[in-house]
Every structure is written in C-alpha cells, then in structure tokens.
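Protein chains get the first letters and strands the later ones, always in sequence-line order, with residue 1 at the start of each.
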Amino acid sequence: MEKSGFSPVGLRVLVVDDDPTWLKILEKMLKKCSYEVTTCGLAREALRLLRERKDGYDIVISDVNMPDMDGFKLLEHVGLELDLPVIMMSVDGETSRVMKGVQHGACDYLLKPIRMKELKIIWQHVLRKKLQEVRDIEGCGYEGGGDWITRYDEAHFLGGGEDVSFGKKRKDFDFEKKLLQDESDPSPSSSKKARVVWSVELHQKFVNAVNQIGCDHKAGPKKILDLMNVPWLTRENVASHLQKYRLYLSRLEKGKELKCYSGGVKNMDSSPKDAEVNSGYQSPGKSSYVFSGGNSLIQKVTEIDPKPLASASLSDPNTDVIMPPKTKKTRIGFDPPISSSSAFDSLLPWNDVPETLESKPVLYENSFLQQPPLPSQSSYVANSVPSLMEEEMKSPYETPAGGSSVNVDEFLMPQDKNPSVTLQDLDPSAISNLKLQEFSSNVTNNTEAILRSLNWEIPESHHSASLDTDLDLIWLQGERFLANTGLQFQDYSSSPSLLSELSPHLWYGNERLPDPDEYSFMVDQGLFIS
Amino acid sequence: MDALISQLQRQFRDYTISLYQQGFLDDQFTELKKLQDDGSPDFVAEVLTLFFEDCVKLISNMARALDKTTGTVDFSQVGASVHQLKGSSSSVGAKRVKALCVSFKEYCEAKNYEGCVRCLQQVDIEYKALKTKLQDMFNLEKQIIQAGGRVPQVDIN
C-alpha cells in the first residue's frame, strides 16, 4: 500500500436498514473502519436525519427492501436533494435489481453478506463524487483547472482548518491538490488537443473581456477571445471556460439570494449551504461536507470570493448555462427549501405523519443465552445443556432449571437494568455522531432523534399475543411438531399452533385464491406520497 | 484444572467445526466472531439474539399470511417476509435457514400453497435447531472461561 497521506478516518456514514441484525453488524463493521456511523431503521427517518443536517453525512448506505419506503425511492430523494453518494445493499443480486440501482443513481450495489473489505473502501465514492463535480465544472478534457480551480479548491479544502471532517490533515490537502493537478496536467500521449492552463492572469483577462462586453448573453466566446488578445488561445478554450464561469456565477447568484433568506440564522442547516454556494465552483453539491466544518468555511470563502471573480455584474446566467443535468436539478430543487427547514418541511406531506418510533431500548442484554440463573426465568443457558454434554462432564456450569419453558415475552420485555445500559451505550456514539460542540440548541433534539432512530420497534411483536385466542382452538387439533427438537422448552405459544394447523391433513383444503397484491403495492409505492 | 480446560477446549473446537461441517453455519459466522472484541465482548451473542427474535417475528408473519381462515392467502406478503428472513439469516451465517428461504421464495412465487406450508414448518424447525446448537456452543465457551481457560480460535478449514 503506497503512502498517500490521505485518510478516510472519520467518514460520516448513515446506514439505513430495517433488519436490526444487519444494522448492528454494519455499525460494528463501519466503526472498525474508523468511520463515524449513524444507524437508522426506517427510510423516512433517514431522510429526516439527512435533511436536518444537510451537511452532516458523507455517504449513505441503504438496503433496497424497506417497509416504509422503497430503497430506490430513498436513493432518488437523497440523490436529488442532497447529492450524496448512496450505496445500495441487498441479499438479492438479481441483475434487474442491480440495474435498477444503477438507474436510480446508486454509486455502488453491495450484496449481503457484506465483507469488511468492501466497507473499507467506500470512501472512494465520496472522493470520486467530489472529483467528478470538479470535473463537471472544468468541462470535459480537463482543459482548464490548473492553477485557477486548484486555488479555490485548496481554499475550500482548507476551509475547515482545524475542524475538518473526514479526518483531513494538512498533508491530506497536498494529496488532493496533487490528485487534481495530475488530472489537469497535460499528457501529450493521451490528449490530442493542447490543454490550457487557466492561470489567474489569464482568467483575469477573460473576466475583463466579459465585463467589457457587458451583458452576458452577448458575450460569446468569439468576442471574448478577440478582446482577450491572447494569440495562442482558441475559441474552444474560451467557450469551455465561459461555461464554467457561468456555472460559478449562477452559484454566486443563488448564494446571494440565500443570504437574504437565511438572515441571521445561525444553525448548521443553512450556513454550510450558504458557504457552499458562495464558494461557487469549488464546492458544488455536498463537497463541503467532505472537507470542512461549517462556520469556519464561510469565513474563508468570503475572504477569497471578492478577489478575481468579483464580476457579479453579470446577469444571471441560468438560461445559457449548459449545466450537467444532475447539478442543475440539485441547485434548483434546493432553492426554496434551503432558507428554513420549516419551508422545506411544508413541501412534503409525509412530514405530518407523527413519529411512531417507540423508545424501546435495544434488547442487547436479553441475550438468547440469558446469564442470570433466576429460577423463575429459566434461561436458555440453563435449559440448553444438552444431555450428552452432561454425561461427559458431570459438572455442568449451569444447573439446569428442570426443562421449564421459556417465555418469548422474556425476550420482548426488557429487563430493568437494560434501558439504562443500552441508552448509555448509545449516548456516546450518538453524541459523537452529532458533533455536539458545533450545535447550540439543536443538540437535544438531534440526540433524541438519533436515539429514537436507533430504538427501532419490532412491529409484529404484539401480534403474537392476539393470535393466542384464535389459535388455542386449533392448537388442540394440531400435532406438536416441536417434539423432534429434542428439548423440553417451547419458546412461544402462537406460532407452533398456527404451524401445526397447517399440516396437510387438516381442514384447509386445496383452494388457491388470487393474490391480492396489496402488500407489494404498499412496498412499491411507499406509504407516503412523495 | 488444566486437564479440564483442555478437554473443554477440545470439545468446543470439535463442536464448532461440526456445526460448519453439518451446514448449520457458514463463513459469515466466522466474520461475526472476528468483529467481537474487547470493546464488545458479547457482540456475537447480541447479534444472535436479534436474529432469533427476528425469526420469531417473521415466521409468525408468514404463518399469518398463509392462514386461510383470514381470507385469501397473500403470497407476496409471505414472499416479503421470506426475503427478510433470507437477509437476516445471511447476516449471522445461518446457512441452512438461508437455503430454505431460497426454496421457500420459489414456492411463494409459484403460489404453491403446500410448498409454502412445508417450507414454513421446515424453517421453523431449522432456526430452532440452530438456536439450540449455538446455545450449546456458547455454553461450552462459558465453561471454558469458568474453568479459567481461554476460548480457542477455531480455524475452519
């Protein structure tokens, strides 16, 4: 492994999966990669988290199948609104599914079971996206870029200073600078046309020419070229540079508009966005999330902005700019909501849906091999000493509690000590995820949100009780298929009876009724209008 | 005491290997064990608890969906739960359960009622069998520790 000075430590990952087992495992794996992990069991909760802290995450990993919202829909939302890289996951690797992922904009599709080595390199998607955005601005062929772009990128990268996320240090910036420069460096063998290095001086000439011409849509590349009076420069060079410039200006414009909306709002949601827009070219989309903390970036950017590119006199170049469609969508789609979260929320009807997440502690302590040797709560450990083991060892660790049955309710009901333990377990990570030091009043709300999101409900758990009455009758008729497990306990009341009821010799008959398709409709359409 | 520890360790190793050989577990379980560290010494047990709870929930969903007394059988609903169980079982390396889910899913897609019912029963049996086996394995671990020994790293193949 070559020494590059770049470190993905601290990458802020949001994991969305309705499977609690996978959520726990992925969290552990991602933490082992030294990432900052936030977990979420519901898609809409994930969206809420993302929107609340627009600058709060670097990458999203989401399962494809989720009960409240199709993973692809989530993918669309995230891509459209936030422009974050999204990795899809599924146990299903069918071509059509993977294709769908690609079509909806997933930057990767992972098959479960997911391995550590796959997670170790997800940071590449974050970096790639950023580089692509820079490239989009530069136009194809890396014609420009050179000093001009790199300087602003550098400013932007450096924006965070001491408070950089994604674990960036001074030396890391050198790596990225190098990365960008390498790409914009002319390589005679690969390129047919000469690459233009848009130095600051050259760019200044360009700007002067543009200003001289005045109104933007009259400033065609030919005219600019003529005015610049740079003999070796071609019309094409100017054209592509003009394109980038317009992009930059449109962002500037938006930034100015936003400045009046957001007013004196100090919270993190709007300020990074402002900063990002103000810094124009070098921070399209969500690049600020990679390299800087929010507030300090604003300061840096406003320092640098006024210098060479101060020509805000140009009219809004929106009409003429040929922006990459995705970027354009991002920008425009964002404008109204950025100003305040309430305005944003009003666009989405599903925000009216009340929080249904119960604050049910995660049942870490209710291990399926319960430790405490309470005679009344016959633990699995006690019960499960197998007969053959007993014979061999003669000194079993756990005294068997006489084959009494274990209640499934024992698992579903947290023990007293559990809530405090689990919440304590969760608190530090929740806090570190949120970078509390950056927030003022939003802290408690966000912590609660994260905690709530981690305390996923197990929706069907209450149903087993309701089935009891229905099934008791059938239980009498059914056969006990638990007999062949070889152990005394029965771990639940409802399911065995229902299952035994389904034995072929019982009264079901052979009717086949048409598939109502309701459930799939719900899954596909999502439960919300979006 | 040392003799006891060695004996327990040997039993633990043999038992663990047998679980892999009999197809109860696959290498995902190995990966799970690797994730366990000093910071989370009960990680595997916790994950397994979540998994078995999920099994109960999902199987009960499937049973309900296959219950003809409530009306028409919704095979897509059964299929959805099967898919979830497949995902869940893949997380802990529950090899047999996962394999069952594959055929179960096919029966769902074919809307084969008897096939589904059979699969449901088998899945129920299978996850419980796995649960028992794993409990035995954890028991052995505990006994080793109680005896003052260390739980050996078992190298599968």
Side-chain angles (χ1 to χ4, degrees), chain A residues 19-22 24-25 28-29 32 63 65 90-92 112-113 115-116 363-364 366-369 380-381 384-386 389 392-393 396-398 408 411-412 458 460-461 463-464 467 481 484-487 491-492 494-495 498-499 502 504 508 510-520 523, chain B residues 8 11 28 31-32 34-35 40 42-43 45-54 56-61 63-64 66-69 71-77 80 83-84 86-88 90-93 111 113-114 117 120-121 124-125 128-129 131-132 134-136 138-140 142-143 146:
Chain A
D19 183 338
T21 327
W22 267 115
K24 187 172 167 72
I25 295 173
K28 183 76 178 162
M29 288 169 80
K32 281 214 155 177
D63 190 81
N65 288 84
S90 180
V91 69
D92 178 9
K112 287 175 167 178
R115 291 281 170 263
M116 277 293 288
L363 304 172
Y364 288 171
N366 274 332
S367 170
F368 75 116
L369 32 86
Y380 269 105
V381 170
S384 66
V385 176
M389 288 300 174
E392 282 178 29
M393 304 205 314
Y397 171 55
E398 298 283 340
V408 72
F411 293 138
L412 297 176
I458 301 173
E460 300 300 332
S461 59
H463 286 185
S464 49
L467 280 172
F481 64 91
N484 57 356
T485 56
L487 286 162
D491 31 346
Y492 51 79
S494 58
S495 302
L498 187 56
L499 289 164
L502 300 171
Y508 264 160
N510 284 324
E511 304 137 68
R512 295 261 177 84
L513 294 159
D515 175 15
D517 223 51
E518 268 177 37
Y519 185 74
S520 58
V523 168
Chain B
L8 289 170
Q11 279 165 349
Q28 174 62 16
E31 293 298 314
L32 259 194
K34 282 189 204 164
L35 288 176
S40 53
D42 298 315
F43 180 70
E46 289 164 3
V47 172
L48 286 169
T49 304
L50 288 172
F51 168 65
F52 288 120
E53 282 170 359
D54 218 26
V56 172
K57 174 188 111 181
L58 291 171
I59 287 175
S60 138
N61 286 355
R64 205 174 318 121
L66 282 170
D67 185 356
K68 283 188 166 175
T69 60
T72 57
V73 171
D74 188 347
F75 284 100
S76 60
Q77 195 170 6
H83 182 84
Q84 278 183 275
K86 186 181 172 196
S88 221
S90 74
S91 76
V92 298
K111 300 200 170 125
Y113 184 75
E114 270 82 30
V117 169
L120 179 61
Q121 288 171 330
D124 189 72
I125 292 166
K128 284 171 181 162
K131 189 175 193 176
T132 312
L134 288 171
Q135 281 160 357
D136 296 346
F138 275 93
N139 243 338
L140 277 172
K142 276 201 190 77
Q143 287 172 39
Q146 275 292 308

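- Using a distance-only test at 3.5 Å, with no hydrogens or angles considered, a donor-acceptor pair links the side chain of B/Y113 to the main chain of B/L66.
- Side-chain N or O atoms of B/Q28 include none that pairs as donor or acceptor with a backbone N or O of B/V92 at under 3.5 Å.
- The residue among A/K112, A/K32, A/M116 with the most heavy atom pairs within less than 4.5 Å of chain B is A/K32.
- Highest contact tally toward chain A, considering only B/S40, B/S91, B/G87, is held by B/S91 [criterion: heavy-atom pairs under 4.5 Å].
- Using a 4.5 Å cut-off between heavy atoms, B/E31 contacts chain A through its side chain alone, with no backbone atom that close.
- Residue B/L58 does not touch chain A at all, counting heavy-atom pairs closer than 4.5 Å.
- We find that B/K57 and B/D54 are joined by a salt bridge, their nearest charged nitrogen and carboxylate oxygen being less than 4.0 Å apart.
- A salt bridge is defined here as a Lys NZ or Arg NE, NH1 or NH2 lying under 4.0 Å from an Asp or Glu carboxylate O, and B/K86 with A/D92 fails to meet this definition.
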